[in-house]
Amino acid sequence: MNWFYIEGVLILAGINIIAVLGLSLLTGFTGLFSFGHAGFMAIGAYSAVYFGERMGLPFAVSVVAGGLVAGLVSLFIGRLTLKLKGDYFCIATLGFGEAIRLVLDNVQVFGGARGWPGIPLKVDLVTVTIFNIVGILFLMFLINSRHGRSMIAVREEELAAKVIGIDTYRYKVISLFISAVYAGIAGGLLGYYLTFLQPKLFGLQKSTEYTIMVIFGGIGSISGSVLAAFILTVLPEMLRSFAVWRFVIYGAAVIFIMIARPQGLMGGKEITLKGIAGILGIPGRNRKTARSGEV
Amino acid sequence: MNQILQQLINGFSIGSVYALMAVGYSLVYSIMNFSNFAHGGVIMLGAYFGFFFITLFKMPFWVAFIGAGICSMLVAVLVERMAYKPLRARNAPFLYFMISAMGASMFIENFVIATIGPTFRTYPQIFPAEPFSLGGIYVGRLDMMMFLISAVSLIALVYFIECTKLGKAIQATAFNPRASALMGINTDSVILTVFGLGGFLAGIAGVLFGMKYTVYPQIGFITIKSFIAAVFGGLGSLPGAVIGSFILGIVETMVSGYIMSQYRDLISFSLLILILVFKPMGLMGKSVEDKA
Amino acid sequence: MQKRLIIFLVLLLTATVFAAGCSNQGQGPAGGDVVKIGWIGSLTGDTAVWGQSELNTLELLAGELNASGGLLGKKIHIVGYDTRGDATEAVNAVKRLVSQDKVVAIIGPNASSSAMAISGTLEEMKVPDIATVATNPKVTVMDGKVKPFNFRVCFIDPYQGAVAAGYAFDVLGFRKAAVLYDVADEYSQGLAEFFIKTFEEKGGQIVAKEAFKSGDTDFRPQLAKIKATNPEVIFMPYYFKEAALSAKQARDLGIKSVLMGGDGWPSDTLLEMAGDAVEGSYFVNHLDFDDPEVQDFKQRYNAKYGKMPELNGYLAHDAFMVLVDAVKRANSFDPVAIRDALETVDIEGITGKIKIGKDTHNPEGKEAAIIKIEGGKYKFQQKYAVTD
Amino acid sequence: MELLRLENLTKTFGGLTAVKDVNFTVNEGSISGLIGPNGAGKTTIFNLITGIYKVTRGAIYFQNVPIHDKEPHVIAGMGITRTFQNIRLFKNLTVYQNVLTACHHNADYGIFDAALRLKKFRRQERELKEFAGRLLELMELSGWKDKVANSLPYGLQRRLEIARALALKPKLLLLDEPAAGMNPDETRQLMNLIRRIRDEFGCTILVIEHHMDLIMGICDNIIVLNFGKKLAEGPPEKIQQDPLVIEAYLGEGGMPGA
């Protein structure tokens with residue numbers, strides 16, 4: 001294996017991890033399904049590159065600002081749709097994602113459907129790793145606070161959450177906002193890594209893939225999401241030489257996982273230092289994994 | 001004036017395509033309470049079944065038509081057994097069903113690409129192609145045919161659900177699965193029936209779709225529109241699915257024809273969200289307060 | 001019950017893996033005297049038809065070349081990767097080709113977006129790429145500077161748009177044109193834009209500009225609107241599936257205007273699907289199908305794969321020829337030497353004369369062929385070049 | 001001292017009137033019972049008080065503040081919380097997490113305090129955890145701390161739901177059939193628990209129950225509903241004698257269990 005190729009795959013995995021972390025907060029911890037996350041990613045990507053290349057902001061600033069723009073849009077969309085239930089919310093986000101793509105297809109300032117080439121390459125493995133560490137820590141700290149617990153309560157039993165005083169609507173909005181920011185940041189990084197943007201990159205398929213990653217990793221597990229994003233980015237690469245059979249296998253694998261291990265890789269648990277120590281036989285509290293909330 | 005009439009007819013014709021797909025989808029939703037994303041894949045297979053029955057096995061159209069329906073029925077049942085039943089047995093939350101459905105849809109589409117190939121295939125001409133012309137307004141024969149077949153199958157479906165014992169069992173299960181299981185209804189066979197019916201509808205929808213628009217592995221993509229139509233109408237409601245489909249078809253046509261075709265989906269999706277803001281359960285969906 | 005299911009699924013997985021393994025056989029292991037040439041393009045997704053045709057062509061040509069002694073004494077081995085038409089996948093695939101498979105050059109992709117996205121990687125790893133049908137000008141030239149490792153064998157959107165508009169205006173004498181295009185497709189958007197530009201510059205009038213979205217199958221709302229504007233010609237710059245459907249639907253609505261298309265049209269499937277609806281239509285092509293050399297290639301392709309090549313096959317053919325020429329003249333498999341030789345390629349391909357311009361990396365002065373559909377057949381009209 | 005007051009409370013579902021012109025008050029520090037045959041509208045009243053249902057007509061005052069147009073979480077924040085007839089725990093979380101989640105009102109750090117692990121976050125979080133621990137001890141659930149709620153025996157699930165409600169430090173606690181499915185021994189324990197909660201947490205309790213032993217044993221005041229209307233109200237002795245109540249319940253047979 002050659003490092004140049006591996007590095008490319010790792011960077012892409014890192015970018016996917018950020019997007020999946022965001023979606024994990026929304027789907028895994030708050031229990032809301034979104035098929036419009038590629039839309040937030042697109043908004044983040046285009047605004048980040050706009051800030052960076054047209055307005056001359058520094059790279060990191062423009063990527064984060066791109067994320068925030070995605071977040072702001074999510075507040076607007078969230079206000080309209082977060083009161084909807086289950087599939088209705090799902091389809092509304094699907095419509096949103098497709099609508100964003102259509103707008104970008106039409107807007108010629110950003111290149112329209114033909115895309116925006118010639119973006120300078122500003123993302124390397126180090127940048128992505130830093131974004132990942134910050135992203136994971138933020139999410140971990142958030143989840144292990146009263147805010148994170150309130151979001152989990154929304155997922156577990158919305159009515160009960162309400163009567164113990166949790167403003168479920170507000171927490172849904174916050175959750176959507178943060179996950180849109182993550183998606184936006186991932187989008188910005190993708191733009192600066194690919195050096196090219198095109199609305200087609202952010203299709204429904206991308207939203208679906210991220211959702212699959214979250215479920216694959218296990219609902220309500222940060223480490224699971226990270227692991228799943230990594231595995232499911234690498235898997236199609238490993239299957240690359242299978243050509244047309246690649247996504248047949250991928251599809252079958254998804255069904256297989258749902259049937260054989262529906263709790264996902266981590267099943268709502270987290271990999272912790274304690275857990276690793278336990279596996280290695282280092283004395284201490286000998287627990288392999290700990291539930292979120294106890295880190 | 002002519003143009004408005006023509007556009008209305010166009011809208012109805014597009015709507016009837018959506019309706020045929022949306023009904024099967026909504027039927028499954030009414031029982032299982034999840035979006036069966038594999039429905040598009042079954043429709044696509046239906047189109048291929050019909051195509052091969054007619055071209056390879058030289059079957060007469062109606063035999064191929066019914067045959068494609070039956071084969072798709074088997075596929076839908078198989079998908080249910082493989083991808084959903086194990087989840088059902090475990091009482092898994094609806095999101096697992098949805099992911100499993102996505103996996104199935106991905107599997108079916110790419111399996112067809114890998115085995116049959118990505119080429120577009122054209123049905124031989126079965127019905128005369130030239131449209132009726134009524135004072136400058138054109139109505140396609142195939143459209144009329146599709147409209148008729150959709151109507152007949154929908155009426156048959158409604159008859160089946162309203163007037164047969166099995167249909168009543170389906171209704172009961174949709175209303176309250178646990179209670180109906182306690183009343184001696186075999187939930188499993190109800191679910192199989194529903195998937196079978198949904199599959200049959202998907203199959204004939206596929207054949208009609210293929211005749212009208214050719215056959216290729218990504219046909220299933222169009223079912224997104226029928227999902228949206230079903231949401232418009234209220235998920236799980238069959239009349240809702242039909243009405244939603246026609247509304248979507250006409251709205252799309254009017255937006256393309258009179259506003260801006262470049263932004264068609266933006267406008268129709270915004271309308272969808274707007275409707276949901278005021279009617280959170282769609283047009284025909286029942287609005288219920290949370291039971292504590 | 002559940003155990004059995006899992007076993008079944010495992011079997012299914014193994015079977016697919018096995019099947020995939022089989023379909024991969026024949027590419028064989030690489031020995032010391034084998035040189036690898038990469039290909040990327042779409043084998044899955046909605047543009048799979050064209051990608052498959054390219055890869056088939058390359059494997060056919062490589063096989064023939066190897067049978068007649070190979071290139072510089074070495075056997076050629078084609079390594080092809082699927083991109084699903086997605087730019088991210090294209091970048092991954094190229095990274096794998098250049099660093100792991102160590103290909104000396106890459107042919108493809110068939111989408112401009114992928115071709116633009118891989119530029120950086122090509123430059124970093126110094127491997128040349130010859131795009132087949134990536135027609136966006138920015139594939140080879142960005143901000144007035146030529147990209148050192150990107151080449152192509154097809155003409156570009158502005159050229160094709162100008163040819164179509166010029167032919168419609170000057171030769172066919174049309175003054176009122178309508179455009180229907182795919183707003184979500186890069187190729188369609190580009191071609192539409194340049195057609196409109198030239199047509200209006202010449203003094204023609206664009207009476208309607210309507211759009212649909214990739215994946216749509218019904219165009220009657222847009223067509224009914226176009227019909228009301230009474231155009232003499234409707235320009236339909238998109239691929240043949242949509243072209244056939246929209247042509248049929250246009251005729252169903254009683255539209256009598258002449259239809260015109262770009263290089264997305266040529267395919268046997270178009271005639272089969274559209275039948276009478278495209279009778280009398282024109283389109284811009286890269287080549288004349290009746291050319292004896294073209295016929296020869298078609299027969300060879302058909303003999304091996306049992307079907308006719310799509311247009312991309314012809315361009316992949318010429319890309320391969322260009323590459324072989326460059327390797328021969330460089331007398332080396334060093335990618336940079338190949339790149340240098342590519343800049344001075346001047347050969348006669350089946351799609352016409354290919355003389356790569358040093359400052360553009362495009363085939364300079366390549367004439368377009370105008371084809372008319374008559375009696376259910378493609379009738380070559382004339383070579384047509386735009387004179388500035 | 002009056003804590004809660006219902007004034008002409010009415011709720012209709014479509015054409016069906018579930019609760020009609022109900023008036024009663026609950027005094028601070030009392031244990032009140034809400035009884036009546038199935039379908040009398042007891043749980044509906046709980047849903048109205050906690051804001052889950054919107055009131056059709058009438059008013060609800062809590063400490064003389066109208067609450068009938070407020071969102072459930074606001075009402076909870078004012079100090080009213082409840083348990084559910086069909087237990088609604090956070091099923092996949094542990095006992096400890098269930099309680100800790102409900103403690104959130106006792107802290108006020110923001111998202112950034114949490115994300116940056118600021119001092120405020122660390123201090124308040126420590127306090128929350130101590131409080132949750134104490135609560136579990138008080139409710140005799142410490143031994144089950146790390147068990148997933150779903151895996152608890154039924155009686156303990158009920159107790160956990162009460163513990164979770166108490167984490168809010170409520171002023172008014174609504175218990176919806178807390179003794180459902182319990183044997184007489186467990187019921188006796190529950191009675192003691194309810195009294196203890198009143199005394200130790202200083203909260204007022206309104207309880208729906210079918211076990212008359214429990215109702216008669218602990219309630220200071222009982223409200224009887226029938227067909228959505230208030231039938232009678234008063235101390236246990238009076239209710240047991242009330243001919244209307246006796247008839248509503250058993251026709252001629254007298255009070256069950258009394």
Side-chain angles (χ1 to χ4, degrees), chain A residues 27-28 31 33 35 77 79-81 83-103 105-106 155 158-160 162-163 204-205 208-209 211-212 214-216 219 242-260 262-264, chain B residues 29 33-35 37 79 82-87 90 92-115 117-118 221 224 227-228 230-232 234-235 260 262-270 272-274 276-277 280-282 285 290-292:
Chain A
T27 304
F33 242 78
F35 284 130
I77 289 297
R79 278 194 82 81
L80 291 176
T81 57
K83 298 228 157 131
L84 300 173
K85 294 204 164 58
D87 288 59
Y88 290 92
F89 175 73
C90 232
I91 301 278
T93 57
L94 185 153
F96 160 76
E98 291 294 286
I100 287 294
R101 203 155 60 99
L102 189 63
V103 171
D105 276 332
N106 274 299
R155 174 194 77 197
E158 196 174 337
L159 202 61
K162 279 183 186 168
V163 303
L204 180 59
Q205 191 165 20
T208 319
E209 275 171 22
T211 307
I212 289 176
V214 171
I215 305 290
F216 179 76
I219 289 278
F242 289 113
V244 289
W245 289 93
R246 200 152 57 112
F247 285 91
V248 181
I249 301 171
Y250 190 93
V254 169
I255 304 181
F256 179 71
I257 288 157
M258 284 303 102
I259 294 174
Q263 67 274 46
Chain B
Y29 189 94
N33 276 312
F34 81 97
S35 290
F37 286 115
V79 169
M82 303 295 305
Y84 308 141
K85 190 169 186 238
L87 294 175
R90 213 190 288 106
F94 88 108
L95 15 125
Y96 292 104
F97 285 91
M98 265 163 85
I99 299 290
S100 201
M102 282 177 209
S105 146
M106 204 183 284
F107 180 87
I108 295 174
E109 179 188 323
N110 286 289
F111 188 79
V112 168
I113 292 181
T115 51
F221 184 75
I224 286 196
F227 293 158
I228 285 168
V231 170
F232 255 130
L235 277 169
M260 233 187 150
Q262 280 84 352
Y263 285 100
R264 182 196 63 201
D265 284 5
L266 177 68
I267 297 173
S268 47
F269 287 143
S270 308
L272 168 83
I273 292 179
L274 209 68
L276 290 181
V277 167
M281 306 300 278
D290 266 320
K291 275 248 171 108

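Every chain is numbered from 1, with letters handed out A, B, ... down the list of sequences.
- Under the 4.5 Å side-chain criterion, counting only non-hydrogen atoms from C-beta, C90(A) is in contact with M98(B).
- Partners of F97(B) under the ring-ring contact (aromatic ring centres under 6.0 Å, His included) rule, at least two apart in sequence or in another chain, are F34(B).
- At least one donor-acceptor pair under 3.5 Å links the side chain of R90(B) to the backbone N or O of I259(A).
- For chain A, the nearby part of L272(B) is the side chain; its heavy atoms alone come within less than 4.5 Å.
- Counting only heavy atoms from C-beta outward, the side chains of L94(A) and I224(B) approach each other to under 4.5 Å.
- For a residue to count as touching a neighbouring chain, one of its non-hydrogen atoms must lie under 4.5 Å from one of that chain's; by this rule F33(A) touches chain B with the side chain only.
- Between chain B and the residues L80(A), I77(A), D105(A), I100(A), the most heavy-atom pairs under 4.5 angstrom are made by L80(A).
- Here A114(B) is the residue among S35(B), A114(B), G282(B) with the most heavy-atom pairs under 4.5 Å with chain A.
- Between Y84(B) and M258(A), every side-chain heavy-atom pair lies at or beyond the 4.5 Å cut-off.
- For a residue to count as touching a neighbouring chain, one of its non-hydrogen atoms must lie under 4.5 Å from one of that chain's; by this rule T211(A) touches chain B with backbone and side chain alike.
- For the options P118(B), G103(B), A101(B), A83(B), heavy-atom pairs under 4.5 Å to chain A are most numerous at G103(B).
- Between L102(A) and R264(B), the closest heavy-atom pair is CD2-N, 4.2 Å.
- Aromatic pair Y88(A)/F232(B): ring centres not closer than 6.0 Å.
- You'll find the side chain of F256(A) stays beyond 4.5 Å of the side chain of M82(B), heavy atoms only.
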Criterion side chain to side chain contact (heavy atoms under 4.5 Å, CB included) on V248(A) and I113(B), from CA distance to verdict = CA-CA 9 Å; V248(A) 181; I113(B) 292 181; over 6 Å; no

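- Using a distance-only test at 3.5 Å, with no hydrogens or angles considered, no donor-acceptor pair links the side chain of N110(B) to the main chain of G251(A).
- Listed options L276(B), I273(B), D265(B) were ranked by heavy-atom pairs under 4.5 angstrom with chain A; first place goes to L276(B).
- Between chain B and the options V103(A), T27(A), V254(A), I91(A), the largest number of non-hydrogen pairs under 4.5 Å is found for I91(A).
- Looking at heavy atoms from C-beta onward, W245(A) lies in side-chain contact with F111(B) at the 4.5 angstrom threshold.
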